Amino acid sequence: MSADREERDAELRRLLVDTANASSLAKRRPWKLVSLIAAVAIASGVTGAVSAAAIAQSSPYADEVVANLALSVARANSVAVGESHYVSSNDVANVDLGKMPSAATGLAIRTSCTEPGTINITLDGTWIGSVTCTKESPTGGGGGVNPVSGAGAHTLTFQSGGTGFEAWIVWVKEPPMPTSSPQQAAEMADGIATREEYLAAFNRFVGCMSGAGFDILGGDTDSLIIDYSITTEAVDAGVDELCYVSQFRDVDSAWQLQNENSSATADLFRRCLSSNGITPAETFEELDRQVNAAGSDVQDCIHGP
């Protein structure tokens, strides 16, 4: 798949997960997404080299806990290969990462707000992402593994403008990405997923999961977008990633993108826009722009009370 298509796919997945009535992607635990959980504080000294304009506290986490919390945003079976870092601030925090270990494939960064607001993150002066917490989810967050280039020392910077936050960082080595099966590659040779190819790919995915000892829950193949869920154990073992990527991901992404205008998420956007006196657009992309521009009333409708 092209980089543009992968980015559009990632955006569609994020939107589907964020809505209250999304498709199967919201009902399972996709390997590409992160669900932040509360962690038990374990007393320890500060890990890593950190300077900040407003450090709220020294690290309440042992080094191993910091590494494990950061690893929670990486793919299954990833391992920490370098020093871990913890920072807590409500302003600007700079983390001296040092040089990237030779075995590392990226930098895992997990960030969690302690109040509503936005935290912007830059690596060596280049913006790499942000985390926004709303009044509905004031202590949410997110994260992922970021590629790092350059042989010298690296610096990670958090800027929150008064929003309190915590972050856990560690260098990681992720396993090689599974490759697409010959069947899926053949199905996507023309860049289009037919209904028959979509069902065949899903059935291969189910068979792959079953062969590894994990069941697929749900999976109504009569629906436009197949609604299913998997167990946390399958995700933690890396079986979800292996089976999904090799058998179903590319076809699933193509099918959902082809049908996004009539998806459950699009219908939800239309209902919420209409209820707020806004005439809904026809395409998902235009609906997304309308929702983002509409303000809190439409957002509250989408996410629910």
Side-chain angles (χ1 to χ4, degrees), residues 1-2 4-30 32-36 113 115-120 129-142 144 163 191-195 197-199 201-202 217-230 244 248-305:
M1 297 173 67
S2 68
D4 289 344
R5 187 163 188 172
E6 287 180 348
E7 291 173 0
R8 185 70 186 89
D9 173 40
E11 178 69 6
L12 174 59
R13 288 172 180 274
R14 179 190 66 77
L15 288 168
L16 290 172
V17 171
D18 282 347
T19 59
N21 188 27
S23 69
S24 62
L25 296 175
K27 297 180 180 296
R28 61 187 181 94
R29 189 179 162 206
K32 294 177 67 177
L33 301 173
V34 178
S35 177
L36 295 181
C113 311
E115 58 187 321
T118 297
I119 301 98
N120 285 294
S130 63
V131 172
T132 298
C133 296
T134 64
K135 64 181 181 180
E136 292 81 12
S137 181
T139 58
T163 299
I192 298 173
T194 66
R195 179 67 182 178
E197 290 169 339
Y198 178 59
L199 295 176
F202 176 73
L217 308 177
D220 180 8
T221 55
D222 290 331
S223 59
L224 177 66
I225 304 298
I226 299 173
D227 191 12
Y228 68 92
S229 61
I230 60 175
Y244 183 69
F248 191 38
R249 182 191 64 178
D250 293 351
V251 175
D252 184 26
S253 298
W255 180 257
Q256 293 205 42
L257 288 170
Q258 290 167 202
N259 292 280
E260 62 182 358
N261 294 341
S262 56
S263 68
T265 303
D267 289 342
L268 177 63
F269 284 4
R270 291 187 180 100
R271 289 198 301 273
C272 288
L273 288 165
S274 295
S275 66
N276 283 274
I278 301 171
T279 302
E282 292 296 324
T283 69
F284 189 90
E285 186 173 0
E286 292 169 337
L287 287 168
D288 182 28
R289 282 197 290 266
Q290 285 183 307
V291 167
N292 288 330
S296 59
D297 288 342
V298 172
Q299 294 288 343
D300 290 344
C301 173
I302 289 171
H303 294 287

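As the structure is a computational prediction, the values presented were derived from the model and not from experiment.
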Taking side chain to side chain donor-acceptor pair (under 3.5 Å) as the test, write out the residues that go with [X], two or more places apart.
{"X": "Thr194", "result": "Glu197"}
{"X": "Asn120", "result": "Trp127"}
{"X": "Ser262", "result": "none"}
{"X": "Thr283", "result": "Glu286"}

Inset, instruction - Ignoring hydrogens and angles, tell me if any N or O in the side chain of Ser275 forms a donor-acceptor pair with the backbone of Cys272 under 3.5 Å. - result: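 Confirmed, Ser275 side chain pairs with Cys272 backbone.
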Inset, instruction - Check Phe202 against Gly219 and note the closest heavy-atom contact, atom names and distance. - result: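 Answer, listing the atom of Phe202 first, then Gly219: CZ-CA, 4.0 Å.
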Legend entry - Closest approach of Gln290 to Thr279 (non-hydrogen atoms, all atoms of both residues):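 For Gln290 versus Thr279, the nearest heavy atoms are NE2-O, 2.9 Å.
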Considering only heavy atoms from C-beta outward, does the side chain of [X] approach that of [Y] to under 4.5 Å?
{"X": "Leu287", "Y": "Asn261", "value": "no"}
{"X": "Phe284", "Y": "Ser263", "value": "yes"}
{"X": "Tyr228", "Y": "Leu217", "value": "no"}

Inset, instruction - Name all residues meeting the side-chain contact (heavy atoms from CB on, under 4.5 Å) criterion together with Cys133; count only those two or more places apart in sequence or in a different chain, and write none if there are none. - result: Cys113, Val131
Legend entry - Partner residues of Asp220 under the side-chain contact (heavy atoms from CB on, under 4.5 Å) criterion, sequence neighbours left out: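 With sequence neighbours excluded, Asp220 shows a side-chain contact (heavy atoms from CB on, under 4.5 Å) to Asp222, Ser223, given in chain and number order.
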Any chance you could measure [X], atom [atom1], to [Y], atom [atom2], to the nearest 0.5 Å?
{"X": "Cys301", "Y": "Leu273", "atom1": "SG", "atom2": "CG", "answer": "8.5 Å"}
{"X": "Glu282", "Y": "Arg270", "atom1": "CD", "atom2": "CZ", "answer": "6.5 Å"}
{"X": "Glu260", "Y": "Asp288", "atom1": "CD", "atom2": "CG", "answer": "9.5 Å"}
{"X": "Ile119", "Y": "Thr132", "atom1": "CD1", "atom2": "OG1", "answer": "7.5 Å"}
{"X": "Ile225", "Y": "Asp252", "atom1": "CD1", "atom2": "CG", "answer": "7.5 Å"}

Inset, instruction - Could you tell me which residues satisfy salt bridge (Lys or Arg N to Asp or Glu O under 4.0 Å) with Arg195, sequence neighbours excluded, listed by chain and number? - result: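 Counting only residues at least two positions away or on another chain, Arg195 forms no salt bridge (Lys or Arg N to Asp or Glu O under 4.0 Å).
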Inset, instruction - Examine the side chains of Thr118 and Ser130 and answer whether a donor and an acceptor come within less than 3.5 Å of each other. - result: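 No - no donor-acceptor pair under 3.5 Å links their side chains.
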Inset, instruction - Mind telling me whether Tyr198 and Trp255 have parallel, tilted or perpendicular rings, with 30° and 60° as the class edges? - result: parallel
